[in-house]
Amino acid sequence: VRCVQETDLVYMDIIPPSPAHSDQSDNDNKQLYHDNIVSALDSIYTLEFRRQTPVQQKFIYTVKFDPEENKYIALGFSDGSIGIYKVSNLEKFGTLGESSVLEEKLPIGALRWRPKLTMSKDRLLVAAGVDGVISYWQPLTNKLVHSIKPEKKFSDLLCLDYTKDATRLAAAGRRRAIKIFDDEKRVLCAKLRPKGQQTPGHSNRIFAVKFDETGKTLVSGSWDMTVKVWDVNSGTVVQSIYGPEINGEAIDVYSGGDLIVTGSHRSKEALQLWSLSYGKLVETIEWDPMKVQDSSHIFSAAFDKNGYRFIAACGSGRNEARLFEKRSDKSYSFSCGVTNLPAACSSIDFSQKENLIAIGCCDGICRIFERAEKGKAQSITDSDLQICLLYTSPSPRDQRGSRMPSSA
């Protein structure tokens with residue numbers, strides 16, 4: 001680990017290990033990753049490896065599929081650059097924000113594709129940097145069209161989210177205040193922050209923000225072990241949830257089901273569902289059905305984008321990503337996943353139009369898997385059972401720790 005001291009912050013730049021399978025073809029990797037796939041015996045689904053990006057000497061902070069066309073995927077790296085790749089073959093399409101050797105290199109904290117409006121032809125990708133700058137890119141032309149610079153130094157930005165109609169953009173990070181921007185004018189229009197006892201707000205840096213479907217409610221998660229539900233118009237906290245330890249983009253909202261999913265960076269009770277309206281715990285989702293060892297340490301969690309039938313989460317406990325399926329009783333249980341990867345899994349995202357899941361890792365590789373049916377005629381063999389039980393053994397490459405800059 002290489003640390004750079006800057007006032008009361010230590011920016012931790014993890015030098016990735018030499019990744020396994022990086023010099024193999026996708027077909028070779030598919031066979032190699034077969035032993036990393038885990039699946040519940042009562043689930044009809046499994047994960048199948050599809051493709052991965054080349055090795056990078058930097059690690060991935062965030063991955064985001066293009067939600068409109070599903071042709072591209074954007075990767076935010078630890079050196080402040082953004083890679084744009086074609087989903088079909090993960091061929092590199094372009095690089096945004098490459099800095100010179102002399103420039104300070106700070107990570108990309110978050111990425112968001114701007115929702116495509118009917119009158120707009122341009123695709124915009126918005127990036128939030130640990131340097132506090134919000135950058136608007138035309139990713140298909142490698143053009144920076146606008147940037148919003150921070151008002152003060154050390155205004156690290158770690159998360160972003162758009163309203164569904166793209167009228168507002170929320171950004172937050174170290175300074176504990178959530179900034180709401182008018183996205184058409186690209187100016188600050190409100191701040192959600194602590195206001196005495198009536199609006200306590202967050203007491204530590206904010207790692208995740210998420211609008212509901214209406215754009216009138218915003219959910220935020222912090223390192224202070226609280227999740228806040230805000231009324232955006234009044235700027236007040238309407239619900240406070242105590243317990244989740246958010247250390248990445250590990251909050252998502254399903255307004256239709258009145259649900260919030262949270263992923264905590266800890267070993268027990270890490271993946272949980274909460275009521276959006278009442279802030280009450282609905283369910284603690286069991287990470288390890290074998291109950292041998294809980295070591296999830298989640299960095300990222302999300303609902304799928306088509307029906308919210310699945311939840312995906314990933315972390316550093318055993319360098320794994322897991323998929324959880326909604327059952328007939330509306331509870332969620334483990335379905336399938338991939339474990340013991342060469343490095344911690346920092347970010348996960350569902351594609352919009354296919355059953356693809358992208359996993360960004362600290363070895364600089366983005367791996368894409370497909371959720372697929374095992375096959376109606378498939379029988380459970382000793383080999384299948386061995387794969388299902390594989391995840392009960394802890395990984396020798398356990399990589400716990402903070403995903404983002406931490407207080408010294």
State yes or no: are the ring centers of Phe59 and Phe77 separated by less than 6.0 Å?
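So the answer is no for these two rings.
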
Would a line drawn from the ring center of Trp287 to the ring center of Phe324 be shorter than 6.0 Å?
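Yes, they do, as the ring centres are separated by less than 6.0 Å.
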
Apply side chain to side chain contact (heavy atoms under 4.5 Å, CB included) to residues Lys191 and Ile178 and explain how you reach the verdict.
CA-CA 6 Å; Lys191 281 187 179 181; Ile178 302 168; over 6 Å; no

May I ask you to decide if [Y]'s main-chain N or O and [X]'s side chain share a donor-acceptor pair within less than 3.5 Å?
X      : Y      : value
Arg327 : Asp329 : no
Thr46  : Lys374 : no
Thr53  : Ile365 : no
Asn306 : Gln352 : yes
Thr62  : Gly76  : no
Asp161 : Phe211 : yes
Thr214 : Lys216 : yes
Ser300 : Ile348 : yes
Gln239 : Ser277 : yes

For [X] and [Y], which heavy atoms make the closest approach, and how far apart are they?
X      : Y      : result
Phe93  : Pro139 : CE2-O, 4.0 Å
Arg176 : His202 : CD-O, 3.5 Å
Ala166 : Asp183 : O-CB, 3.4 Å

Can you tell whether the side chains of [X] and [Y] come within less than 4.0 Å, N to carboxylate O?
X      : Y      : answer
Glu68  : Lys116 : no
Glu249 : Arg112 : yes
Glu184 : Arg186 : no
Lys228 : Asp224 : no
Arg123 : Asp66  : yes
Lys326 : Asp304 : no

Can you check side chain to side chain contact (heavy atoms under 4.5 Å, CB included) on Val187 and Phe181, steps first, answer last?
CA-CA 5 Å; Val187 295; Phe181 294 90; 5.9 Å; no

Measuring only between side-chain heavy atoms, which start at C-beta, is Leu323 closer than 4.5 Å to Tyr45?
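Side chain of Leu323 against side chain of Tyr45, heavy atoms only: no contact under 4.5 Å found.
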
Not counting sequence neighbours, which residues clear ring-ring contact (aromatic ring centres under 6.0 Å, His included) with Phe350? List them please.
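By the ring-ring contact (aromatic ring centres under 6.0 Å, His included) rule, Phe350 matches no residue at all.
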
Thr262-Trp274 side chain donor-acceptor pair, cut-off 3.5 Å:
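Judged by distance alone, the side chains do pair up.
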
Any side-chain donor paired with an acceptor under 3.5 Å for Glu245 and Ser264?
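The criterion, which ignores hydrogens and geometry beyond distance, is not satisfied for Ser264 and Glu245.
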
Given salt bridge (charged side-chain N to carboxylate O under 4.0 Å, His left out), test Lys305 with Asp349 step by step and report yes or no.
CA-CA 9 Å; Lys305 297 179 175 69; Asp349 194 33; 2.8 Å; yes

Distance under 6.0 Å and angle within 45° of ring axis: Arg114 vs Tyr136
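No, Arg114 does not sit over the ring of Tyr136.
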
Kindly indicate, with the supporting measurements, whether the criterion side chain to side chain contact (heavy atoms under 4.5 Å, CB included) is fulfilled by Leu158 and Ile206.
CA-CA 7 Å; Leu158 308 176; Ile206 300 167; over 6 Å; no

Under the side chain to side chain contact (heavy atoms under 4.5 Å, CB included) rule, what do Val126 and Leu160 come out as? Steps first, then yes or no, please.
CA-CA 9 Å; Val126 182; Leu160 286 174; 4.0 Å; yes

Mind checking whether Tyr308 and Phe303 have parallel, tilted or perpendicular rings, split at 30° and 60°?
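Tyr308 and Phe303: perpendicular rings.
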
